[in-house]
Amino acid sequence: MESNALLWFRKGLRIHDNPALDHARRGATRRLFPVFVLDPRYLEPDPTAFSPGSARCGINRIQFLLESLADLDGSLRRLGSRLLVLRGGDPADVLIRVLKEWKIGKLCYEADTEPYGQARDNRVREFASASGIEIFSPVSHTLFDPADVIQKNGGKPPLTYQSFVKLVGQPPSPIAQRVTSLPPVGDVGEYEILGVPTLQELGYGDIGQVEFSPFRGGESEALKRLKESLTSKEWVANFEKPKGDPSAFIKPATTVLSPYLKFGCLSSRYFYQSIQEIYKNAKRHTSPPVSLVGQLLWREFFYTVAFGTPNFDQMRENKICKQIPWSNDEKLLASWREGQTGFPWIDAIMVQLQKWGWMHHLARHSVACFLTRGDLFIHWEKGRDVFERLLIDSDWAINNGNWLWLSCSSFFYQYHRIYSPTKFGKKYDPTGKFIRHFLPVLKDMPKEYIYEPWTAPLSVQKKANCIIGKDYPRPIVSHDTASKECKKKMGEAYAFNNLLGDANWKRLREKSEKDKLDPGRRPRLKQKRLG
DNA sequence: GTGCAGGTTGTGCGG
DNA sequence: ACCGCACAACCTGCA
């Protein structure tokens, strides 16, 4: 019997290698309703936020999403369909309403492993099951199904990259067949259907002078960018992530495909296959973890651990996270967030984040280390929130995973290795081109002082039209003192965590609750592991 | 239980 | 430009 199908887009904003779309168009589908629901959780303007955008989403990522939707709509129209953009509150509520109203018999959507997505999808799934609607919900955002990997590993997520790589084999191939036409859209009845809105239509009319992200959203752009990135076979075969230049911004040192993977404008399986084809014809090529394929596997690794770890996005109640007594200094946090730390390398990166919504991986490391275990000793969750909001590629699993990593809270523990906020950038960009671009106030500072402008004689500052303390801030901390202090605190925190040990952890906590003591507070004992 | 190797991406120095 | 090593020393995985 013929029925109506609904294809629910959330991520996976693409036509190529889209199993949900493939399934929706097949079989006895009479009418196909391709739907995207605007989620107020991410899109409701928040005028009190520290920069243009909503509470959870900066303007650049909203724009990226809208461009991706417009591109998707265009592609669907070429296939005889269109994108039905809906609004009206919580996406699960909206979806349940249209499932009823449009007499949907088959619901297709890509599986989502994030907690927010799971809660949302469970509500819809429950309704659909109870209503006898067929559900097809394939895993196609990632190469592997995190649940499968965890099962393979005996029920626990692998906690090192190497063990993860050993565990997984080859990912499934992307769908080879091209979609050439789609069933027509059905009658939407009374329902209000929007075209893909503009920023203005979403209520972001009064954005001041902002330098916008140079990266445009959408599947077409993703495939174009992929093609360009893979043009040089030699570049692909020799790619080594740690050797990239974090200060390169005219032509970034990486592919910048992360935002397209985040929204699913690009299929990770297609990306993987494209790289493999180049490897096949190359004499030699680099390997994980540093290779290009290795980067895709890092994504998988974090998706898997994030899926299998309760409270992955917080320190408390997170089994794999070191309990560290981070400080809570709102003023220092604000300086970091606004690019006002007085360290040009740090501030330029934070400005790039605000303006572009993208920075090189190692630039992210620099500022994350500085905020947490390197200098300010501020909670990684605070930095995570800022990145999550402003990055165009912000991805729940990967962002949290990297903050855990950088703050030495999990995965990585060599807390004495601290990025210098002055010397690290200088290695790559001795004349300070990156700083001059993103911090124009320093554009005439001589290169001898560009990384430490507070050391410039006043005459030099005057000549450069930049008085330190007036036009550009003095450093908010002394890196030498602050980093030494941080190392000491990390050592104490580690000792305390080891003291608690896995088995003792729960018991001690219960006990401390009775005693009204908090073991998460400043540790007193400086001791080695006590078994 | 113990010891050892390895860990995408620190810095500073010498070659 | 690129390597190796010392520095001081963390954790996890495995034998």
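Just so it is clear: chains get the letters A, B, ... in the order the sequence lines come, proteins before strands, and each one is counted from 1. All heavy atoms count here, side chains included; hydrogens, waters and symmetry mates do not.
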J.: Choosing from C/dC10, B/dT8, C/dC11, which nucleotide comes nearest the side chain of A/Lys322?
T.: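 So the side chain of A/Lys322 is nearest to C/dC11.
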J.: Return the value, rounded to whole Å, for the distance between atom CZ of A/Phe496 and atom C1' of C/dC10.
T.: 19 Å
J.: C/dC5 and B/dA5: how far apart are their P atoms, nearest whole angstrom?
T.: 15 Å
J.: Under 4.0 Å between a side-chain N/O of A/Asn498 and OP1 or OP2 of C/dC11, yes or no?
T.: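 Answer yes for this pair, as a side-chain N or O of A/Asn498 is under 4.0 Å from OP1 or OP2.
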J.: Base, sugar-phosphate or nothing for A/Lys426? Non-hydrogen atoms, less than 4.0 Å.
T.: nothing
J.: On DNA chain C, compare the nucleotides closest to A/His416 and A/Ser163; which residue's is nearer the 5' end?
T.: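 Its nucleotide being nearer the 5' end, the pick is A/His416.
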J.: Out of B/dT11, C/dC10, B/dT8, which has the shortest distance to the side chain of A/Trp298?
T.: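 Of the candidates, B/dT8 comes closest.
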J.: When you check the gap from the basic side-chain N to the acidic O, do A/Glu110 and A/Arg14 get nearer than 4.0 Å?
T.: yes
J.: Can you say whether the rings of A/Phe412 and A/Trp405 are parallel (under 30°), tilted (30 to 60°) or perpendicular (over 60°)?
T.: parallel
J.: Please determine, for the side chain of A/Lys423, which listed nucleotide (B/dT11, C/dC11, B/dT9) has the closest atom?
T.: B/dT11
J.: Can you tell which of C/dC11, B/dT8, B/dT9 lies closest to the side chain of A/Tyr419?
T.: B/dT9
J.: Please figure out whether A/Lys243 or A/Tyr415 has its closest DNA chain C nucleotide nearer the 5' end.
T.: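 Checking each residue's closest nucleotide, the 5'-ward one belongs to A/Lys243.
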J.: With rounding to the closest Å, how many angstrom separate the C1' atoms on C/dG13 and B/dG1?
T.: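 It works out to 15 Å between them.
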J.: Distance check, P atoms only: B/dG3 and C/dA8, in whole angstrom units.
T.: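 One P to the other, the span is 22 Å.
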J.: When you compare the side chain of A/His285 with that of A/Phe239, does any pair of heavy atoms fall below 4.5 Å?
T.: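 Not touching, per the 4.5 Å side-chain cut-off.
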J.: Can you tell me how far C1' of B/dG7 sits from CZ of A/Phe411, to the nearest Å?
T.: 14 Å
J.: Considering only C/dT12, B/dT9, C/dC3, which nucleotide approaches the side chain of A/Thr160 most closely?
T.: C/dT12
J.: Rounding to a whole Å, what distance do you find between A/Ile320:CD1 and C/dT12:C1'?
T.: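 Going from CD1 in A/Ile320 over to C1' in C/dT12 covers 13 Å.
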J.: Write down the distance between CG (A/Leu499) and P (C/dC11), rounded to a whole number of angstrom.
T.: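 Roughly 13 Å, once rounded to whole Å.
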J.: Name the closest nucleotide to the A/Gln162 side chain, picking from B/dG12, B/dG10, B/dT8.
T.: B/dT8
J.: Mind calculating the distance between CG (A/Leu406) and P (C/dC11) to the nearest angstrom?
T.: 18 Å
J.: For B/dG6 versus C/dA9, give the span between their P atoms, rounded off to a whole number of Å.
T.: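 22 Å, rounded to whole Å.
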J.: Under a 3.5 Å cutoff, is there a donor and acceptor pairing between the side chains of A/Glu240 and A/Thr286?
T.: no
J.: Output the rounded distance in Å from CZ (A/Arg417) to P (C/dC11).
T.: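 One finds 14 Å between P of C/dC11 and CZ of A/Arg417, rounded.
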J.: Closest approach to the side chain of A/Tyr494, judged atom by atom: which nucleotide of B/dT11, C/dC11, B/dT8 is it?
T.: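 Closest of the options to the side chain of A/Tyr494: C/dC11.
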J.: Tell me which nucleotide, if any, is Watson-Crick or G-U wobble paired with B/dG1 when both distances must be under 3.5 Å.
T.: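 Partner of B/dG1: none.
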J.: Does any donor atom in the side chain of A/Ser394 or A/Asn399 lie under 3.5 Å from an acceptor atom in the other side chain?
T.: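 Side chains of A/Ser394 and A/Asn399: no pair found under 3.5 Å.
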J.: If we count only N and O atoms by modelled type, under 3.5 Å, do the side chains of A/Ser51 and A/Arg389 hold a donor and an acceptor together?
T.: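 Indeed, the side chains of A/Ser51 and A/Arg389 share at least one donor-acceptor pair under 3.5 Å.
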J.: Could you let me know what C/dA8 is paired to, Watson-Crick or G-U wobble, both distances under 3.5 Å, or none if it's on its own?
T.: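 When the pairing criteria are applied, nothing turns out to pair with C/dA8, so the answer is none.
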J.: Whole angstrom is fine here: how far is it from OH in A/Tyr428 over to P in B/dT11?
T.: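 Roughly 8 Å, once rounded to whole Å.
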J.: Which part of the nucleic acid, if any, lies within contact of A/Ile418, taking any heavy atom under 4.0 Å across all strands shown: a base, the sugar-phosphate backbone alone, or nothing?
T.: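 Result for A/Ile418 = sugar-phosphate.
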J.: To the nearest Å, how far apart are A/Glu240 CD and B/dT9 C1'?
T.: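 Whole-Å distance recorded here is 11 Å.
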